[in-house]
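In what follows, a structure is listed as structure tokens, so that the remarks can point back to it.
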There are 2 protein chains.
Amino acid sequence: MVTIREVAKIAGVSMTTVSRAFNPKAVIKEETRQRIFKIADDIGYAPNISARGLVTNKKFVIGVFLSSIHTDMSTYLSDIISNIHDSLPENYLLSVEGIDRIQSFDQKVKNRFDGILVVSQSAADNQFIYKLKNNNIPMVVVLRAMDNPEIDNIYADDEKGILDAINYIARQGHKRIGFIEGPPSYENTIKRRRGVELGCVANHLKLVDDAIKIGDFGPITGKNLMEEILELPKEIRPTCVVCANDDMAIGAFRACYEKGIKIPEEMSITGFDDNSYSKLSTPALTTISNPIPEMASLGIKRLISTIESPKKVRLFQSLPTKLIIRESVAKI
Amino acid sequence: MVTIREVAKIAGVSMTTVSRAFNPKAVIKEETRQRIFKIADDIGYAPNISARGLVTNKKFVIGVFLSSIHTDMSTYLSDIISNIHDSLPENYLLSVEGIDRIQSFDQKVKNRFDGILVVSQSAADNQFIYKLKNNNIPMVVVLRAMDNPEIDNIYADDEKGILDAINYIARQGHKRIGFIEGPPSYENTIKRRRGVELGCVANHLKLVDDAIKIGDFGPITGKNLMEEILELPKEIRPTCVVCANDDMAIGAFRACYEKGIKIPEEMSITGFDDNSYSKLSTPALTTISNPIPEMASLGIKRLISTIESPKKVRLFQSLPTKLIIRESVAKI
DNA sequence: TGCTTATATGTTACCGGTAACATTATTTAG
DNA sequence: CTAAATAATGTTACCGGTAACATATAAGCA
């Protein structure tokens with residue numbers, strides 16, 4: 001392994017000067033720096049991160065911790081990661097982990113990250129989040145609103161998103177709707193449900209009791225629960241079922257397809273997320289776009305900036321969602 | 001920051017003993033180890049990775065480098081990552097990067113990884129792969145066959161996969177087929193095309209010239225190219241179009257839907273990958289499963305084992321694909 | 001020209017661990 | 001019961017950088 005000392009010897013300067021050459025903000029004559037770069041390149045020198053980290057206490061690693069690697073937003077993962085990379089200085093590594101898999105916080109997390117972006121879907125992550133806080137690890141939580149005023153936070157206005165959808169459904173002339181919601185442990189579930197409830201009273205829509213179902217954000221439950229809804233007698237069966245995410249909506253499509261029920265003529269369906277498949281389904285899914293990649297991107301920017309200069313005021317930002325009207329809701 | 005010396009002082013032992021307590025293979029009395037663990041836990045000690053890495057030259061970071069974060073296998077990303085985590089000791093971090101984004105190899109890669117899993121789709125990655133080789137960084141290349149006998153390699157038998165599909169299509173009574181293939185720079189494109197060609201001659205199928213189209217593995221080209229195929233007069237138009245991946249097949253579905261062409265009655269379609277949406281499409285897509293998560297998982301296992309004890313014989317393994325018959329190919 | 005200030009570079013201690021080697025405590029065996 | 005073997009722990013140099021401080025060189029100015 002070639003070290004800073006060898007470069008120094010060849011260049012006829014001290015180690016410190018070489019060190020300076022590799023530290024952008026250090027003061028050094030540009031000409032010297034270039035000469036050192038040239039030599040370093042020739043003999044294949046690259047700074048040893050461990051040695052550097054030992055003294056600076058930096059790791060040049062940013063962590064993205066998701067509630068679980070497998071979730072309803074797994075289709076977003078590549079978007080999230082590439083958006084993060086766009087906002088991340090090249091000398092940082094991006095480590096992707098699942099909160100649900102951490103066995104030993106000390107081993108996995110402590111002393112390993114300069115900062116962590118928590119993409120959190122559930123209050124179950126709070127324990128982890130507070131451990132980060134206690135260890136003074138710079139952190140931004142996205143996706144879910146946190147009420148702790150000391151935690152930087154970016155989230156989306158899910159309630160408003162669903163409300164927009166319900167208003168639209170009402171305008172299309174629907175009178176009875178069903179709702180396939182997410183698991184109760186997810187905060188988004190609560191906000192989306194509130195959106196549905198608010199929307200229904202505001203528009204005098206009937207939210208059919210027997211057509212309120214609890215799913216797990218996966219397509220299989222979407223399908224199964226939609227099958228149950230389709231068993232309902234036609235007079236009370238809803239004409240539109242709103243699903244708490246796209247994956248369940250796609251499952252619901254499948255249930256209709258198997259029963260020969262035409263979408264949207266005989267059954268309208270909406271989703272939430274606007275994931276990459278929703279525009280490709282047949283018919284294309286009317287849904288609500290969820291600014292997940294934007295949250296990740298903004299979150300990382302904030303994180304980097306916090307690492308470089310700690311902030312005194314909290315970031316607490318809500319990002320808008322947007323109704324994406326496609327083909328899965330009929331005009332009645 | 002609490003160091004090993006403080007733990008040592010409290011425990012009344014030397015630093016080395018504490019160090020041993022935290023190194024699983026070190027020889028130390030179990031009783032002493034437990035006592036040290038207890039103290040460490042009390043005062044919140046965790047080993048400093050940088051200091052440790054400085055002397056051992058280990059980083060406890062594994063890299064996964066994908067040709068590009070955005071590719072036809074972006075839907076696999078969460079599968080790949082979680083499969084990798086399943087095979088990765090907890091003290092390793094997993095860094096996810098795109099080969100196409102590396103600006104400075106020295107800065108981003110050198111001295112930063114104990115080993116790297118290269119998920120490679122294209123010969124364009126070779127430059128990167130050979131740099132890893134030159135720097136003696138342990139590496140396993142998956143997804144694409146490499147002919148260099150010094151590089152550990154796991155790939156899938158794409159040609160056989162497509163061949164199985166063509167045989168099946170022929171058995172269903174089809175006579176004329178079309179082919180929407182991938183970009184020429186991808187190795188898989190070549191192997192899949194060869195599978196199609198072989199299958200056609202073996203089964204006396206006509207591969208319609210005007211229905212051979214070059215896509216980019218994205219759903220949009222799948223749609224556009226299928227539209228072109230649908231323009232063909234009915235007498236020469238293929239009755240089945242094989243798509244080189246699922247995403248393009250889904251795009252092709254969309255083209256048919258918009259033109260009111262029934263799948264599979266009026267047009268049969270197949271894909272490749274068996275990604276998570278192929279079972280959910282309407283109709284469900286007949287496709288070929290691609291053992292990407294298995295490759296990632298096996299690759300990581302090999303990598304870890306290579307890091308722990310360097311291997312002298314090369315790993316060169318082909319994994320089988322499997323025809324998944326669903327609903328998108330009609331019997332004629 | 002000489003003195004002050006700014007710029008560029010050098011000297012040295014130290015960051016927090018680990019490995020080699022040395023030493024002491026404990027077993028084992030004759 | 002003692003010598004030899006084994007287990008457990010200690011001492012110390014060092015891994016490859018950086019930061020604080022010291023010094024040398026160049027530039028600015030009366």
Side-chain angles (χ1 to χ4, degrees), chain A residues 1-40 43-61 91 106-107 110-114 135 307-308, chain B residues 1-40 43-61 91 106-107 110-114 135 307-308:
Chain A
M1 150 152 296
V2 26
T3 78
I4 208 171
R5 285 156 228 262
E6 303 175 42
V7 180
K9 184 171 296 175
I10 297 177
V13 297
S14 71
M15 301 163 27
T16 312
T17 300
V18 179
S19 171
R20 281 191 259 258
F22 282 92
N23 281 76
K25 70 279 173 196
V27 25
I28 182 177
K29 201 196 281 181
E30 190 52 31
E31 181 189 319
T32 315
R33 170 172 276 150
Q34 293 308 328
R35 191 160 54 86
I36 290 174
F37 278 176
K38 175 93 178 48
I39 294 170
I43 67 176
Y45 168 79
N48 180 314
I49 297 281
S50 299
R52 179 181 277 179
L54 179 55
V55 28
T56 60
N57 202 28
K58 291 207 60 176
K59 295 94 192 170
F60 294 102
V61 179
N91 50 340
D106 282 1
Q107 180 158 124
K110 215 168 176 181
N111 297 333
R112 302 225 53 183
F113 300 97
D114 297 309
N135 282 273
I307 289 165
E308 282 165 2
Chain B
M1 149 153 299
V2 25
T3 79
I4 207 171
R5 285 155 228 263
E6 301 174 43
V7 180
K9 184 170 293 176
I10 297 176
V13 298
S14 71
M15 302 163 27
T16 312
T17 300
V18 179
S19 171
R20 282 192 259 261
F22 283 92
N23 280 76
K25 70 279 172 194
V27 24
I28 183 178
K29 201 196 280 179
E30 189 53 30
E31 180 190 319
T32 316
R33 170 173 277 150
Q34 293 308 328
R35 192 161 52 87
I36 290 174
F37 278 176
K38 175 94 179 47
I39 294 169
I43 67 176
Y45 168 78
N48 181 314
I49 296 281
S50 299
R52 179 182 276 179
L54 179 55
V55 30
T56 61
N57 201 28
K58 291 208 60 176
K59 295 95 193 168
F60 294 101
V61 179
N91 50 342
D106 282 1
Q107 181 157 124
K110 214 168 177 182
N111 298 333
R112 302 226 53 182
F113 302 96
D114 296 308
N135 283 273
I307 290 166
E308 283 165 1

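Residue numbers start from 1 in every chain, and the chains themselves are labelled A, B, ... in the order their sequence lines are given, proteins ahead of strands.
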Return the nearest nucleotide to the side chain of Asn48(A); candidates are dG16(C), dA8(C), dG17(D). dG17(D)

Excluding sequence neighbours, so at least two apart, what forms salt bridge (charged side-chain N to carboxylate O under 4.0 Å, His left out) with Arg33(B)? Glu30(B)

From Met1(B) CE over to Asn111(A) CG, what is the distance, rounded to the nearest 0.5 angstrom? 4.0 Å

Considering residues at least two apart in sequence or located in another chain, which fulfil the side chain to side chain donor-acceptor pair (under 3.5 Å) criterion with Lys25(B)? none

Quick one: does Asn23(A)'s side chain have a donor or acceptor within less than 3.5 Å of a partner on Ala26(A)'s backbone? no

For Ile28(B), report the nucleic acid contact type (base, sugar-phosphate, nothing); a contact means any heavy atom under 4.0 Å. sugar-phosphate

Quick one: Arg112(A) CZ to dG17(C) C1', roughly how many Å, whole number? 14 Å

Output yes when at least one side-chain N/O atom of Thr17(A) is less than 4.0 Å from OP1 or OP2 of dG10(C), else no. yes

As a test of reading the structure: which of dC15(C), dT18(C), dT18(D) is closest to the side chain of Leu54(A), going by heavy atoms? dC15(C)

Do the side chain of Lys110(A) and the main chain of Asn135(A) share a donor and acceptor less than 3.5 angstrom apart? no

Just to confirm, is there a sub-4.0 Å distance from OP1 or OP2 of dT9(C) to any side-chain nitrogen or oxygen of Thr32(A)? yes

Would you classify Asn23(B) as touching base, sugar-phosphate or nothing, given that sugar-phosphate means primed atoms plus P, OP1 and OP2, and contacts are heavy atoms under 4.0 Å? sugar-phosphate

With side chains defined as the heavy atoms from C-beta onward, is the minimum distance between Lys59(B) and Asn57(B) less than 4.5 Å? yes

Nearest 0.5 Å, please: how far is CG in Asn91(B) from CD1 in Ile49(B)? 7.5 Å

May I ask you to say what Phe22(A) touches in the nucleic acid, namely base, sugar-phosphate or nothing, with a heavy-atom cut-off under 4.0 Å? nothing

Between the first and last five pairs of the helix from dT1(C)-dA30(D) to dG30(C)-dC1(D), the angle of the axes, rounded to 10 degrees: 20°

Specify the residues of residues 5-16 of chain B, ordered by number, for which at least one heavy atom lies under 4.0 angstrom from an atom of DNA chain D. Gly12(B), Val13(B), Ser14(B), Thr16(B)

Got a second to check how far Arg35(A)'s CZ is from Ile10(A)'s CD1, nearest 0.5 Å? 11.5 Å

Listed in order of residue number, which residues of residues 33-40 of chain A have a non-hydrogen atom at under 4.0 Å from DNA chain D? none

Of all the choices, dG17(D), dG17(C), dT18(C), which nucleotide is nearest to the side chain of Ser19(B) once you look at every atom? dT18(C)

When every nucleotide of nucleotides 21-27 of chain C is labelled 5' to 3' by its protein contacts under 4.0 Å (heavy atoms), B for base, S for sugar-phosphate only, - for none, what sequence of letters results? -------

Rounded to the nearest 0.5 Å, what's the gap from CD1 on Ile4(A) to NZ on Lys9(A)? Could you check? 13.5 Å

Short question: side chain of Ser19(B), backbone of Met15(B) - any donor-acceptor pair under 3.5 Å? no

